[in-house]
Amino acid sequence: MRTETSAAPLVVFRFGFGLIMLLSIIRFWANGWIEKLYLSPDFFFSYRYFEWVKPLGTWTYALFAVVALAAACIMVGYRYRAAMVVFFLGFTYIELMDKTTYLNHYYFISLLAFLLIWIPIPPGLAAARGCRVNRFYIHILRLFVAVVYFYAGLAKLNSDWLLHAQPLAIWLPARYDLPFLGDLLQQRWVHFAFAWGGALYDLAIPFLLLWRRTRVAAFLLVVIFHVLTRVLFPIGMFPYIMIVSALIFFGPELHERILAVLARGRSWVAGRRSLSARVPVWRLLPITGVLLFHLLFPFRYVLQPGELFWTEAGYRFSWRVMLMEKAGLATFRVEDGASDRRAVVDNREFLTAFQEKQMATQPDFLLEFAQFIAREYQNRGFLQPQVYVDSYVALNGRRSQPYVDPELDLTTVSRNTPVQQWLLPFQDTIYGF
Amino acid sequence: MTRYLLCLALLAVGCTTDPTEPAESASFDRQAMLVHWADDIIVPAFQDFKRDATDLESAARAYESTPSDETLATVRSAFATAYLGWQRLSPFMTGPGEEHRLREQLNIYPTDTTRLLSGSTGSLELPSNVDVQGFPALDFLLFGTQDPADRRAEVTRLSARITELASVALADWTGEYRDAYVAASGNSATASVDRTVNDFIFWYEKYLRAGKIGIPAGVFSSDPRPALAEAPYHGNLSRALFLEGLEAGNDFFSTEAGLADYLDALRVERGGESLSSQIRAGFGTAADRAAELNADIATQVRNDPTAVLQLYDALQANVILLKVDMLQALGINVDYVDADGD
């Protein structure tokens with residue numbers, strides 16, 4: 001078997017990745033979200049070990065500009081590897097600034113960007129024509145994308161999704177105002193059709209894309225599926241990212257043709273260089289590392305007791321997409337152990353509506369905010385602030401139930417305390433992955 | 001291609017026979033709900049309020065020209081009527097009510113008695129003057145001063161301001177706003193259903209639950225704060241004001257083609273019982289607990305705050321059902337948050 005193949009699929013992938021990322025940054029900026037999400041809030045929720053990552057004030061705009069510039073360089077293939085390193089660091093920094101904005105597809109981009117650092121892609125567009133690479137790199141990207149779909153499909157194999165069509169049965173009827181679809185979305189069978197169809201799609205699509213005979217049909221299905229999700233849900237650029245990513249499954253002929261269109265005109269990125277057919281160890285090691293992490297990290301939840309949807313211990317970074325409709329309400333009480341002072345906290349004094357909404361349903365947010373409240377009230381003259389929270393959460397259409405133990409002083413709980421020690425147990429069972 | 005679509009369709013058909021699930025939910029006409037809210041609830045509340053405010057203003061003018069025990073009694077009674085009418089309106093500050101800052105200019109309490117007595121408050125439109133006007137200021141002038149006749153010009157000025165605000169907001173509603181409101185029947189943070197329900201819950205939580213009951217009962221502070229109750233100078237009105245607001249809330253939720261019907265059309269059940277009847281029962285419990293209180297909340301707080309705290313708990317139980325369970329079931333966008341999700 002020949003190990004060398006046309007580099008065109010990688011070049012097209014690089015171009016598509018850079019283009020979509022550039023558009024994403026422009027869209028984010030144009031929507032005023034930099035200001036709204038990173039400049040106006042007073043408090044930001046941090047990821048563990050990344051507490052030092054905070055927005056940079058007005059310099060945050062510069063950070064976005066640098067990331068946009070890196071995306072543009074990636075798109076045209078100018079200093080690809082340096083640009084990818086800058087993009088990875090900048091984009092990841094942005095995502096770490098506030099946990100509130102966590103999205104699976106941002107994580108997808110960070111992880112993919114890190115992987116792409118180690119994959120050799122010839123520079124430029126016109127200059128890249130005729131270049132050849134080891135097909136190993138193309139297989140790696142296919143595997144990377146396939147795992148995302150397949151894991152997202154596995155995560156749907158649970159009783160809420162399959163037997164109750166939740167949370168779709170909540171989300172779909174709310175889109176009553178869509179032309180043509182609106183009435184259909186009220187029908188119970190439609191919720192089930194979407195739930196089962198979605199699970200089947202996620203599980204099957206990697207194989208349908210891999211198999212040459214079904215590839216074109218599978219790609220059409222990718223487009224239909226993602227356009228439909230774009231219409232139904234506010235998921236931003238994610239559909240376009242996935243559509244472009246799916247192109248990697250096509251053979252070099254298609255990519256040669258795409259490249260021929262893209263590369264019309266003069267090549268202004270210099271130097272077509274031949275890429276080694278061998279995969280050097282310094283590339284192989286990090287690539288293997290990323291893939292192992294990609295395959296194993298989503299399963300860390302099995303090490304945690306309790307219902308995953310309830311505790312969310314191991315929920316993020318696992319390709320669990322659109323599985324939960326969680327609504328909550330959290331009212332914090334502060335009492336002074338050294339006097340009879342007490343107060344009820346107005347969350348909105350410190351948080352935006354979006355942050356408050358995210359905080360109310362996620363244990364790590366509740367804890368982080370409780371500890372912030374303790375510090376804040378210490379500054380306000382409480383000598384020994386004790387923080388309690390009355391919280392309720394409704395999950396996937398179940399009746400709301402108390403969430404955090406209301407009798408527990410949250411200043412006595414640390415990030416290392418197992419969550420089931422301070423969260424009340426979930427009063428139901430969800431079966432499956 | 002067709003093969004896969006067919007597969008999906010077959011699968012879809014194959015899994016619709018789960019016996020534990022309701023057959024299918026009927027379509028609910030949200031536009032009809034908006035029409036009901038606008039035409040049967042909000043606009044009539046504005047009309048009644050404008051009428052009551054006009055009555056208050058003319059009573060105040062009569063009192064100003066000929067102060068007597070009789071004219072004073074008329075102003076006082078017109079004041080109570082208009083204040084009760086305001087409670088019917090307060091949940092519906094979506095649109096014109098918010099635009100003309102009705103709640104801010106009509107019912108910010110406690111009122112600043114020092115400035116009211118000093119008599120130089122200036123333009124009532126100033127944001128710094130929200131606590132020297134509206135019903136709380138009239139409550140003080142009419143019931144809390146030695147001789148209300150000394151302040152009768154101010155009573156007229158404040159009453160006229162109430163009429164003016166009621167009129168402009170009503171004019172907006174009966175003008176272009178009503179049709180635009182009904183037409184915005186979509187599903188987004190800026191659509192009418194979402195805005196009305198968010199404003200309603202905001203009112204329930206902040207003004208009905210906290211303002212009238214929780215704050216004076218001392219829920220948010222170290223001690224009870226009876227001085228922060230509504231209408232503290234009248235001395236016999238605050239429970240009636242609360243009950244009027246609670247009933248306005250219940251009517252908005254329960255009357256036909258409203259939120260209760262919407263929940264029922266979606267067959268929303270929680271713990272084996274329909275959510276709508278649980279919320280209705282919550283309104284009932286709160287009304288029962290309030291009925292046992294002194295007619296003056298401040299007096300009740302001074303004598304026995306526990307009963308007020310129990311009322312607070314009953315109100316809080318419905319906050320959870322409205323804000324968490326109902327909003328989730330209806331897929332209502334909680335706030336003007338506009339960002340990606342997955």
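Residue numbers start from 1 in every chain, and the chains themselves are labelled A, B, ... in the order their sequence lines are given, proteins ahead of strands.
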Proximal component of Leu321(B), with respect to chain A [non-hydrogen, under 4.5 Å]: side chain
Check whether any side-chain N or O of [X] sits under 3.5 Å from a backbone N or O of [Y] as a donor-acceptor pair, and report yes or no.
X         : Y         : result
Gln328(B) : Ala394(A) : yes
Arg30(B)  : Tyr176(A) : no
Gln186(A) : Phe28(B)  : no

So, for [X] and [Y], which heavy atoms are closest and what is the spacing to 0.1 Å?
X         : Y         : answer
Thr331(A) : Gln316(B) : OG1-NE2, 4.4 Å
Ala329(B) : Ile170(A) : O-CG2, 4.4 Å
Ala174(A) : Gly331(B) : CB-O, 3.9 Å

Residues Ser222(B) and Asp340(A): side-chain donor-acceptor under 3.5 angstrom: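 Not at all, the side chains of Ser222(B) and Asp340(A) share no donor-acceptor pair under 3.5 Å.
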Pairwise distance [atom1]([X]) to [atom2]([Y]) - rounded to 0.5 angstrom:
X         : Y         : atom1 : atom2 : value
Arg348(A) : Lys206(B) : CZ    : NZ    : 10.0 Å
Leu327(B) : Ser400(A) : CG    : OG    : 11.5 Å
Asp390(A) : Ile320(B) : CG    : CD1   : 8.0 Å

Test side chain to side chain contact (heavy atoms under 4.5 Å, CB included) applied to Val219(B) and Arg333(A), step by step: CA-CA 10 Å; Val219(B) 171; Arg333(A) 289 175 284 124; over 6 Å; no
Which atoms of Asn396(A) approach chain B - backbone, side chain, both or neither, heavy atom under 4.5 Å: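 Just the backbone, heavy atoms under 4.5 Å.
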Contact check, side chains of Pro173(A) and Leu266(B), non-hydrogen atoms, under 4.5 Å: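 A side-chain contact exists here, since the closest heavy-atom pair is under 4.5 Å.
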Test item: Val393(A) and Val324(B) side chains (from C-beta on) under 4.5 Å apart, heavy atoms: no
Glu256(B) CD: over 12 foreign heavy atoms closer than 6.0 Å: no
Glu269(B) vs Arg399(A), side chain to side chain contact (heavy atoms under 4.5 Å, CB included): CA-CA, chis, key distance, verdict: CA-CA 8 Å; Glu269(B) 287 191 4; Arg399(A) 191 188 205 283; over 6 Å; no
Partner chain B: residue of Arg398(A), Arg341(A), Lys326(A) with the largest heavy-atom pair count (under 4.5 Å):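 Heavy-atom pair counts peak at Arg398(A).
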